Amino acid sequence: MIDVDLSQLPFTLIDDEGRDHVRRSMDIAYFDRDEIIIEMGQAGESVFLIHKGEVAELDPTLPASSARIGHYTAGDLFGAISILNGKSRYRFQAEQECLCYVMPKALFIKLCRHHPDFENFFKQSLSHKARLMTEKRAEGGVTMAGFMLAKVSECMREPLIMDASTDIASAVRQLNDSHADSLLVNTQGEFGIVTKTDLLNGVVLNNYEHTSPVEDVAHFSLVTVTPNQYLFEALVLMTRHKVTRVVVMEQGALKGVVELTDVLSYFSSRSYVVSLQVEQANSLEALAAASQRTPELVNALMAQGVKLRFAMDLLAALNGRIMNKAWSFVIPEQYHSQSCLMVMGSEGRGEQILKTDQDNGLILADDSQWPSLAEDMNTLTQTLIQLGYPPCPGNIMVSNPEWVGTVSQWKNNIAKWVSARDGDSLMKLAILLDAHGVAGNPQLLDSVRAALFERCSRDELLLSYFARAALRFSTPLTLFGSLKKPQHGIDIKKGGIFPIVHGVRTMALERRINATSTLDRLDALAEDGRLDRRFADDLGEALALFTELRLKQQLQTAEASTEQRSNRVVVQELSSLERDLLREALHIVKDFKQRLSHRYHLEYS
């Protein structure tokens, strides 16, 4: 019996008896340098597990400079697809002397027949394989399985209830005193819900008096769950109905409220503490103390196998609340309704997990009067620096007058940038397109975004110029075979993240999609029919994989501050499954860039 390590995927998908059978049936084969192990078009007869050495996957139909499409090292598996498909699509050739464990075709087919999950592993899409890696990463605490079994009753809040006749001013005071974002309105046994935004819009936009009854701004179409429903069901309902809270009812009786941040926080007990600290902070000092704990939260979420999309949503929500509270501490209340603080870039898309440079701007109502504006914006910038958000090297901050303006001024800027179509103007359009309001009156941003869509979405020439940046960096598929030393690596931001983010951003601009998150934009493009659902899902999983690999690198080099080091991933340091996923994800990026090139006629530019 050969002593081979079968503790990794896909062998963990078969039982102990099956793994023993594998060990008894495997042989060892030696291959000399440059020896062809499987020829293109050859029928698959064996599955190979590399013990020592390196193997290249080659497409002989391509020029020699681009023929290498894959690279396998110790622990990697190849040959399975050749058996399932009946023949090999590519050539597998030893790049140096190799020792491989060899599994006979008959045994592989038998394992596939008796263990469907084992067979499906080789047929699954990127999204399915990424899910396996996420679940494997869970090491303790609230695992994915634990979350799926958790009940709503385990993380619901006590309801804050008011009589429907209570005036709006009293409702605002109650929300502030309770550090809550919403309250329930009771009118003859029927419940409605009111949020801070509802109250603000009611007074500012709908001209309600402070003495008006709170029921005038309440919503009585509630999304409800029961205490015994699973927590993941509450999350599905929030996603489906595009709400951030559900009301807990049992046999007609009100039991509580579950907020989106509560659901996401349940993945980690420490995340709940951080979010609670943010909500209860009543001074800048307390807010800074809570803000400093977010790196600890990131480590906890990653260690517990939390799906990256959930982690990004939670951190984006927390960062938004931190900035919102900083705004409320620094900016006089009389200016809140006539301005909108927006974050842009990765923060605007909700895709930055670790704190990054400030990327923010301010939109003012056209009739606003704010004598101390410049002084207040400088104070806000310095406050955010104290909270852990460094100044932007490009000076895209509210302390820079260029990124502060009225609605009309912003619309004029858009017209100027669209007309210029130079690199700087296109960059500013992209930055603004990702803007997300975190404080003040969000309808001011809605007005500016509508003008951006009106100017750009039907301008084919502009869209072509705009999309071109997605092809700026090459996809590093052909570099895998030469990454030998730890100091080398591929720039995952240029090669993987940016083409997806900017390509999807371009399509969202064309289709007038309001969502700013790349993953939400992909969902909208799939619903719109602009992208095939499976391809959209795979693009999303590829982006999540690239982001996670970069995050792991950043967490390992927390002391490093250079952009180059933080974006580089050393391929030979990845696990076998991670290398497999990375290879597949980069092929998806290559396919996406070809689609963008065709749609926006970039092959002629």
Side-chain angles (χ1 to χ4, degrees), residues 156-224 238 241-249 253-262 278-282 317 320-321 323-342 362-370 376 407 436-447:
M156 65 184 184
R157 301 184 181 195
E158 286 291 324
L160 181 62
I161 307 172
M162 277 195 158
D163 189 85
S165 61
T166 306
D167 60 77
I168 288 177
S170 297
V172 171
R173 282 193 292 271
Q174 183 64 43
L175 282 174
N176 288 336
D177 292 343
S178 304
H179 302 288
D181 286 324
S182 65
L183 59 84
L184 294 169
V185 176
N186 184 7
T187 172
Q188 298 179 344
E190 181 185 2
F191 291 101
I193 195 166
V194 172
T195 67
K196 282 184 176 179
T197 302
D198 295 330
L199 294 169
L200 175 65
N201 290 342
V203 173
V204 176
L205 302 178
N206 299 322
N207 298 315
Y208 286 114
E209 298 292 334
H210 291 182
T211 55
S212 300
V214 72
E215 69 175 327
D216 288 353
V217 294
H219 302 282
F220 288 90
S221 297
L222 301 180
V223 180
T224 63
M238 291 182 198
H241 293 281
K242 298 181 179 178
V243 296
T244 57
R245 57 187 60 83
V246 293
V247 178
V248 186
M249 305 286 291
L254 178 65
K255 294 296 181 181
V257 176
V258 174
E259 302 271 353
L260 175 61
T261 51
D262 295 333
V278 170
E279 293 302 324
Q280 294 181 340
N282 54 14
R321 290 296 294 136
M323 294 180 191
N324 183 280
K325 298 204 79 166
W327 167 272
S328 68
F329 289 145
V330 170
I331 304 303
E333 189 171 353
Q334 66 262 34
Y335 303 127
H336 290 190
S337 62
Q338 55 184 284
S339 60
C340 176
L341 175 66
M342 56 182 176
L362 188 74
I363 304 174
L364 300 165
D366 283 337
D367 58 353
S368 64
Q369 299 294 323
W370 194 337
D376 289 342
V407 170
H436 172 71
V438 293
N441 184 355
Q443 294 201 349
L444 298 174
L445 175 56
D446 292 340
S447 177

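Computed from heavy atoms alone, side chains included, the values below leave out hydrogens, waters and symmetry copies. This structure is a prediction, so every number in the text was calculated from the model and none was measured.
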Asker: Taking the side chain as every heavy atom from C-beta outward, state whether Leu341 and Ile331 have any pair of such atoms under 4.5 Å apart.
Answerer: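 Result no, sub-4.5 Å side-chain heavy-atom pair not found.
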Asker: Using a 4.5 Å cut-off on heavy atoms from C-beta on, say whether the side chain of Val217 contacts that of Val203.
Answerer: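 Side chain of Val203 against side chain of Val217, heavy atoms only: no contact under 4.5 Å found.
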Asker: Using the rule given for side chain to side chain contact (heavy atoms under 4.5 Å, CB included), can you reason through Met342 versus Val438, listing the C-alpha separation, both sets of side-chain angles and the distance that settles it, and then say yes or no?
Answerer: CA-CA 6 Å; Met342 56 182 176; Val438 293; over 6 Å; no
Asker: Assess whether atom CD of Gln334 is packed by more than 12 heavy atoms of other residues, nucleotides or ligands within 6.0 Å.
Answerer: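 Result for CD/Gln334: enclosed.
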Asker: Can you list the residues that meet the ring pair (Phe, Tyr, Trp, His ring centres under 6.0 Å) rule with His436, with sequence neighbours excluded?
Answerer: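 Per chain and number, His436 pairs via ring pair (Phe, Tyr, Trp, His ring centres under 6.0 Å) with no residue.
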Asker: In Å and rounded to the nearest 0.5 Å, what is the CD1 to CG distance from Ile193 to Leu183?
Answerer: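 It comes to 8.0 Å.
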Asker: Could you tell me which residues satisfy side-chain hydrogen bond (donor to acceptor under 3.5 Å, both in side chains) with Asn201, sequence neighbours excluded, listed by chain and number?
Answerer: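 Testing Asn201 for side-chain hydrogen bond (donor to acceptor under 3.5 Å, both in side chains), a comparison that skips the adjacent residues, returns none.
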Asker: Quick check for you: to the nearest 0.5 Å, what is the distance between Ser339 atom OG and Leu362 atom CG?
Answerer: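 Taking OG in Ser339 and CG in Leu362, the distance rounds to 5.0 Å.
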Asker: Kindly give the heavy-atom pair with the smallest separation between Phe220 and Thr187, and that separation in Å.
Answerer: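 Nearest pair, atom of Phe220 first, then Thr187: CE2-CG2, 3.4 Å.
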Asker: Can you name the closest pair of heavy atoms from Pro442 and Gly440 and give their distance?
Answerer: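 Smallest heavy-atom distance, with atoms named: CD-O, 3.3 Å.
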Asker: What residues, two or more places apart in sequence or in another chain, satisfy side-chain hydrogen bond (donor to acceptor under 3.5 Å, both in side chains) together with Thr195?
Answerer: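 Partners of Thr195 under the side-chain hydrogen bond (donor to acceptor under 3.5 Å, both in side chains) test: Asp198.
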Asker: Would you compute the distance between atom CE of Met162 and atom CD1 of Ile168 and round it to the nearest 0.5 angstrom?
Answerer: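 The CE atom of Met162 sits 11.5 Å away from the CD1 atom of Ile168.
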Asker: What distance separates Leu184 CG from Leu254 CG, expressed to the nearest 0.5 Å?
Answerer: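 It is 5.5 Å, given to the nearest 0.5 Å.
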Asker: With side chains defined as the heavy atoms from C-beta onward, is the minimum distance between Leu444 and Leu364 less than 4.5 Å?
Answerer: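 Not touching, per the 4.5 Å side-chain cut-off.
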Asker: Tabulate below the donor-acceptor pairs under 3.5 Å that side-chain atoms of residues 208-216 make, not counting sequence neighbours, or state none.
Answerer:
unit_1, atom_1, unit_2, atom_2, d
Ser212, OG, Glu209, N, 3.0
Ser212, OG, Glu209, O, 3.1

Asker: Mind listing the closest non-hydrogen atom pair of Cys340 and Gly437 along with its distance?
Answerer: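 Shortest heavy-atom contact: SG-CA, 4.1 Å.
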Asker: What pairs with Ser170 under side-chain hydrogen bond (donor to acceptor under 3.5 Å, both in side chains), at least two apart in sequence or on another chain?
Answerer: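 Scan of Ser170 (side-chain hydrogen bond (donor to acceptor under 3.5 Å, both in side chains), adjacent residues dropped) gives Asp167, Arg173.
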Asker: Would you call Val258 and Arg245 a side-chain contact if the rule is heavy atoms closer than 4.5 Å?
Answerer: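 No; the side chains remain at least 4.5 Å from each other.
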Asker: Rounded to the nearest 0.5 Å, how far apart are CG of Asn441 and OG of Ser368?
Answerer: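 Answer for the CG-OG pair, Asn441 versus Ser368, is 11.5 Å.
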Asker: Do any N or O atoms from the side chain of Lys325 and from the backbone of Ala281 form a donor-acceptor pair under 3.5 angstrom?
Answerer: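 Pair found, side chain donor or acceptor close to backbone of Ala281.
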Asker: What class does the angle between the rings of Trp327 and His336 fall in, given that below 30° is parallel, 30 to 60° is tilted and above 60° is perpendicular?
Answerer: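 Tilted, since the angle between the ring planes falls between 30° and 60°.
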Asker: Hey, what do you get for CE (Met156) to CD (Glu259), rounding to the nearest 0.5 Å?
Answerer: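 Answer rounded to 0.5 Å: 13.5 Å.
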Asker: Hey, is the main chain of Asp367 close enough, under 3.5 Å, to the side chain of Gln338 for a donor-acceptor pair?
Answerer: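 No; zero donor-acceptor contacts below 3.5 Å.
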Asker: For Ser337, which residues count as a side-chain hydrogen bond (donor to acceptor under 3.5 Å, both in side chains) partner, sequence neighbours excluded?
Answerer: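 Testing Ser337 for side-chain hydrogen bond (donor to acceptor under 3.5 Å, both in side chains), a comparison that skips the adjacent residues, returns none.
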Asker: Are any of the side-chain heavy atoms of Phe191 and Thr224 separated by less than 4.5 Å?
Answerer: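 Of all side-chain heavy-atom pairs linking Thr224 with Phe191, none is under 4.5 Å.
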